[in-house]
Structure formats: structure tokens, C-alpha cells
2 protein chains.
Amino acid sequence: MSVTFAQGFSAAGVAAGISAKAGKLDLAFVVNNGPLDAAAGVFTSNRFCAAPVQWSRKAVADGHLKAVVLNSGGANACTGQPGFEQSQATAHEAAGLLGVEDGKVAVCSTGLIGELLPLDHVLSGVHSAYAGLDSGEQGGSDAAHAIMTTDTKPKTVALEGNGYRIGGMVKGSGMIAPQLATMLCVITTDAIVTPGAMQAALSAGTSVTFNRIDTDGCMSTNDTVLLLASGASGVEPDPDEFNDLVRQACASLARQIVGDGEGASHDIRISIHGATSEDAALACGRAIAASNLFKCAVSGNDPNWGRILSSLGTVPPSVAPFDPTHVDVDVNGVRICQGGGTGRDRSEVDMTPREVGVDVYLNAGETEATVWTDDLTHEYVHINADYES
Amino acid sequence: MSVTFAQGFSAAGVAAGISAKAGKLDLAFVVNNGPLDAAAGVFTSNRFCAAPVQWSRKAVADGHLKAVVLNSGGANACTGQPGFEQSQATAHEAAGLLGVEDGKVAVCSTGLIGELLPLDHVLSGVHSAYAGLDSGEQGGSDAAHAIMTTDTKPKTVALEGNGYRIGGMVKGSGMIAPQLATMLCVITTDAIVTPGAMQAALSAGTSVTFNRIDTDGCMSTNDTVLLLASGASGVEPDPDEFNDLVRQACASLARQIVGDGEGASHDIRISIHGATSEDAALACGRAIAASNLFKCAVSGNDPNWGRILSSLGTVPPSVAPFDPTHVDVDVNGVRICQGGGTGRDRSEVDMTPREVGVDVYLNAGETEATVWTDDLTHEYVHINADYES
């Protein structure tokens, strides 16, 4: 159902000829039909942030957006002033069709870094997408398809609140690391909410979801998460419920990204228990999630706990206090490491399921946190070494 | 020539039956025949440091070592008190043969984490190695072979100072990251030097060599670099020359590790120019060296500067101040990125040489630093996913 699950939104996805793959849907248009046009956004912290990020960050700063244009087939990153002018021209074209100011339209791009877009194709794509705007399932689905790059499937979410709805779509497969997990994401709601409440919900939601997945440790230049509210349900949600639903929407989309990580054969959940603080737990989880050796071992179905501990051991004591001789590790429920040493035999661990669970018990405190990653496979190298740009 | 290039040292390498590979040389013995027994060491900072590291760190603390026993075929890491007792027993056996205290013998191990060694094989190996000690080329060469694991070739160094010599050997191929690059290393000299001067030379030398290579971002539990001085040349070296030679020995061995990185098809030099400080330059270099996406691109012979910039952009401004629009990047001498945007065409870059040079100009200051890494290949995944332990 994607972004059109919430009332008050229409969307379209068209083949604009931006992608090198002929006929691929590569331009999405999402329009908020109101009555509200409240919006919030979070963006990559990469210093080489792309032109569309620079544009959209400014556009959403006042808490209002009427529409978003998203394209695959080119990131428009590291393209300087000409790139910025392309994002601006794209917003201008969409704004003209909608009869709003340019600053009411956000722009998102994804694809190869360092090349300008074929702007004429983008602009004519905006026109065809505008003509095809649809508030039903098809419009949302086409939009979700149009933002895919190496994604093997569209990623969408649809959640029901108490009298209102949240829908969303995301793309992301490679170049996924906190902060953010590399992606373009649009979440919509028909609840009546203020831009301030939306920004708070989105920042809190992304911090425990998109910021806790890491497929390959590589931060993108284009990450954008936008939350748009139409108010079309007429319902003012309970703030706690709304925050929770936004977090759930982010969590579902983030989980789908991990499930579609480039070349991945396993999704790996890493939960750190018994840490002295959330920062400590996250530092430990991220150290393990970043280990190429561990990720290779998982792709070979080996629950190699030595590679878990050697990664964990790189976290400075000042960041995560724990006693190495008190650390236990379960992989898929089997305690293969006990007290920092050998536990049950690794042959007892069933590594065949797609999802692998790693539970690390620091036995140092009361806090826990979970991060997600993928295994490192031949296919990942193939996708990223032998690709055709 | 390895460790026996310096006068006053004998060495041996034997097949002790520790490695799973029948007949592989897997135990090395290096003996300092004096007259001096001065020594210095640097060790992994991993909190799960292996039993032999715990033993050897204590053994070298007083600045004196008579010998080192090194084995491949098992890391004796995360093996608790029984593992520590194995290292101690190994030192005890060697010390008995040499007629010195146990604390005069360092022990190093490399191989799989989390399993005890076949101690009877280690101890009988110490005996055969002792019987075969040789101060000529063969002894040094056998020792260098005996410490190899996934290394495809032995790595040694031989340097002449003014009247004295420095020799050395190292193993290391995977699990290579600062600090240290994962390895076992023994450097010998026949110069007359004090333990304090040796520790200073070794710490300074490793910091700009072994601590600046990163094949896979994974820190080991067993890294050990030992420097032993026999004084057999009778020459007291010029301190600056000695420091410089130790650094050169480390640099040569570190470069050989990069050249033999697991599955690597390219050695990648990353030099950051125009940084505001050495820390800034190193942070930038390491961010690029850690990028799986960039390393995959290089393995596919693509000088993908977008992946260089997106990694560079993750370094916080507080760590490395620079203006993203003033950054230039040369790959193999071709300026493919100019002012943070597209420069010359990537097709101009010849990516066929084994060594790939990346020069990043931050244009923010006067400092430069170089780090080394390897590309990420199918073969790396194969070695680390489909291995037989």
C-alpha cells in the first residue's frame, strides 16, 4: 500500500529514462492533497551531501511540504552548483504543476555519485507522473518501485492507528550504515499533527531503527527520510501512540532494508545485553556489525564467536566497561562462548535460517540495545566490483 | 635472511603437528645468543588479548628476553586460565633448554581463536626446534615459514646500519587493522642498545607503519611485535640512524603484509595531503581505507571517486576541518575529482597495476599522512567464509 495507504495522498511512478535500464520505473511523485501540508525530515550527516539533500533540507525547514519528487538512476551528488540547480529546477517544475511555491517540493535522488542527471528526462518524467497521480494502491506501489536501485523488491509499510493511518516506502540495499542507513524514505500519515511533533517523532523513530542497521558500513551522500501529514483523517492522535507508530513504521522499513542487503544470505540481529549504558551497548553492537571477518563467517554458516569477541575487544573500556572474562555469547540460542572462553560446541548451532541472532551478555549493567547487519558474501563483492554503472 | 641476518641470533622452524595441515612448519624458535638480551615489545590493544600476549607482555616488561617461541595452527585466544598455563608451560620448556628463567622467553601464537593448543605437540616441537637451531640463512627462513597461516609467502627484512644489522620476520594476511596490524613480528639487531631506546624506536616505528595498514578493519587478539638486541656487532649505533632503521624494517614488513592481504588483487596507498593535523589526515585516510564499497570498486578496476568522497564525508569537521567543495582527488595520478566534483574522465585512469595510488588533497592545511589497504575481492570472502578451520 505504500505512501497512499494514508488518506490525502496520491502518488505515481514512471519510466522517465533516467536509469540506464530501459523501461525501469525511475521517477516517483508523492503529493500531499491536504488539508494539512505538515512535514518533517532527517538527512544524511555526510559532509559531501548531495544536491537534493541540500535542497530538501531547506525546503522542509519551515515544517511544510506539498510534494516530493524522487528519482533513481543518478544520485546528483558531488555535482556542485549545476547539480543544485537541477534539484531546484525539478522542484520548480513540480511546484508549477501543483500551483505552489518551489520550496514546498522536496527532491530526492539515488544512484551513481558524481554525475549530473539527464534533466530533460527528469522534467518530462515529472509531467507524466503528475498526469498519472493516483491515490489508490497502484500509485503507491509504482512509486515504491520507481525508487529501487539494487533493491530486489519494493519496501513498504502500512499501519493503522486509532482512527488514522501511516503508510511509507523506502529504498536501500547497499551503502547502508548509520547515520542514517542509506536510503530514501517517505512516510505519510493522515493524522492531524504539528510539524514539531512530527520532527520529534521522526528523529526519535529513526534513531532507534534506521540508525541501528549497517549492511556495509558505508554512509551515503543522499539519505533522506521525510514524514508528511495530510490531516485527512480528521483525527488528532494520542502523542505516545503516534510516536510509537512512526517508530514501528521506521522499524519495519529498516528491517526490510536489512532483509534485502546487497548479496546478503543472512540477516544478523546483534543484541547487546547487560551494558552500563545505551551508548556502551550500541558501540559494542556496531563493532561486531562492522566486522568483515564475522560477516564472512556467517555467510559460510560458521558461528565464529572468536570473531565476535575480537571485534568486541576493540571497544575502549572508557566507552563500554565490561570484564572480558565475564562475557557470554549465544548464537541462535546456543551459548557458544561462556565467560570469554569456549562454551558449547559450535556444531550445535543451526545456522541455516536466514535470520541469525547474536546475543552478547556483557554482565556489566542493565541496558540493552540491538543493531542489525547482513553477512558479507561473494554476491556483495560481485554487485559492487563487477557492476555496470 | 630474516631474524638471523643480525649476528648473535639463531633460529629454527619445525613441523610440530600443531597445524591441521600435515607437515606444515608450525613452530618457530628464535634465540638471542648475546652478549646482550635487551628487548622491547608492542602488543594488541584488543581487550580479548590472547594468553601468549598476556604472558609475553609481562615477560618483556623488564626489557630482557633470551628467546621467543612462536606457533601457527592455533591462537590460544579466549582460552582462559588453561590457555595462559599453556603459554607458561611453553616458555618453561624453552627456558629449561636454554638454562634461563621462564620470564626470559616470550610466546606468540596465531590461528583459530577459542581453542587450546595440542600442548604435547608444542612442547615436543620446542625440543626439535632447539635441536635444530641455526644461525645461518636456513634457520631464519624456516622460522619465517613456520609462522605463516593464510600468508602465501614468508615476509622478512634485512637492513645494514653503520657497522650493525637489523633482521626481521612477520606473518599477517587477514585480520589486519590498526592498532596493530594483526600479526606476529620479530625484529632482531646486533647493535648495542638499551631496552629503553629499543622501546622508543619500536613504538615510534610501529606507529607510522603497522598502525597505518588496514586490510580488513579487523583487530586481532594476538598481535605482537618484539625487538631483540644481541649487541654482537659491538657497535653502539647513532640513535637517529637506529630509530630510522627500525622504522624502515617495520615499514618493509608492513608493506609486505599489504602485498599479501587475503585475496587481494590490489594494494591501495591512500595519501591525504593538505590536512590541518596528522590526526586529521589519518582519520580521513582510515575512513577511506575502511570503505568496503571503495575496496570492491578497486577490485573491479573502477576508480570510483564517489565512494572515496562519501567515505571522506563521514569524518566529522571537528576531527578534520576541510571544505568539501575544495577537495581534489587523484587516482593513479589522474585528477578524477576536482573541487568536490567531477574532474577528468575515469576512463583515463589505468587501474591495471597491482599498486593503486589515491591522493586526496584537502587544501585545508600543510600536513600529510599515508595509510595502506587492500581491495575487497571474491577471494577474500572465499577465504573467510568457505575456510576449513
Side-chain angles (χ1 to χ4, degrees), chain A residues 45-49 75 77-80 83 112-116 174-175 177 216-221 290-294 296-300 302 304-307 309-315 317 322 324-325 327 337 339-342 375-378 380-387 389, chain B residues 45-49 75 77-80 83 112-116 174-175 177 216-221 290-294 296-300 302 304-307 309-315 317 322 324-325 327 337 339-342 375-378 380-387 389:
Chain A
S45 55
N46 199 300
R47 291 164 76 181
F48 291 92
C49 71
C78 303
T79 44
L112 198 65
I113 296 172
E115 292 183 7
L116 287 167
M175 210 180 252
D216 56 11
C218 293
M219 183 202 277
S220 148
T221 50
S291 167
N292 280 354
L293 286 174
F294 174 60
C296 281
V298 172
S299 84
D302 179 8
N304 191 318
W305 61 270
R307 295 178 178 182
L309 288 200
S310 60
S311 304
L312 191 60
T314 64
V315 179
F322 62 80
T325 67
V327 172
C337 168
T342 308
D375 56 351
L376 177 56
T377 64
H378 291 271
Y380 176 85
V381 176
H382 176 67
I383 292 170
N384 287 297
D386 311 326
Y387 56 88
S389 63
Chain B
S45 55
N46 199 300
R47 292 164 75 181
F48 290 91
C49 71
C78 304
T79 45
L112 196 67
I113 296 172
E115 292 184 5
L116 287 167
M175 210 181 253
D216 56 11
C218 293
M219 184 203 279
S220 149
T221 50
S291 167
N292 280 353
L293 285 175
F294 174 60
C296 280
V298 172
S299 85
D302 179 7
N304 191 318
W305 62 270
R307 294 178 178 181
L309 289 199
S310 60
S311 304
L312 191 60
T314 65
V315 179
F322 63 80
T325 67
V327 172
C337 168
T342 308
D375 56 351
L376 177 56
T377 65
H378 292 271
Y380 176 86
V381 176
H382 176 68
I383 291 170
N384 287 297
D386 311 325
Y387 57 88
S389 63

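Because the structure is predicted, anything quoted here is derived from the model rather than measured. By convention in this document, chain letters (A, B, ...) are assigned in the order of the sequence lines, proteins followed by strands, and residues within each chain are numbered from 1.
- Of the two parts of A:L116, neither the backbone nor the side chain holds a non-hydrogen atom closer than 4.5 Å to a non-hydrogen atom of chain B.
- The choice from A:C78, A:G80, A:S299 that makes the most heavy-atom pairs within less than 4.5 Å of chain B is A:C78.
- A:T79 meets the side-chain hydrogen bond (donor to acceptor under 3.5 Å, both in side chains) test with A:N76; sequence neighbours excluded.
- Of the two parts of A:V327, only the side chain, counted from C-beta on, holds a non-hydrogen atom closer than 4.5 Å to a non-hydrogen atom of chain B.
- With a 4.5 angstrom heavy-atom cutoff, B:T342 touches chain A via backbone and side-chain atoms both.
- Residues satisfying the side chain to side chain contact (heavy atoms under 4.5 Å, CB included) test with B:C49, not counting sequence neighbours, are B:T44, B:V53, B:Q54, B:R57.
- Ring geometry for B:H382 against A:H378 counts as tilted: the plane angle lies between 30° and 60°, on a 0 to 90° scale.
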For this session: Show the numbers, then the answer: is there a side-chain contact (heavy atoms from CB on, under 4.5 Å) between A:F48 and A:I113?
Result: CA-CA 10 Å; A:F48 291 92; A:I113 296 172; over 6 Å; no
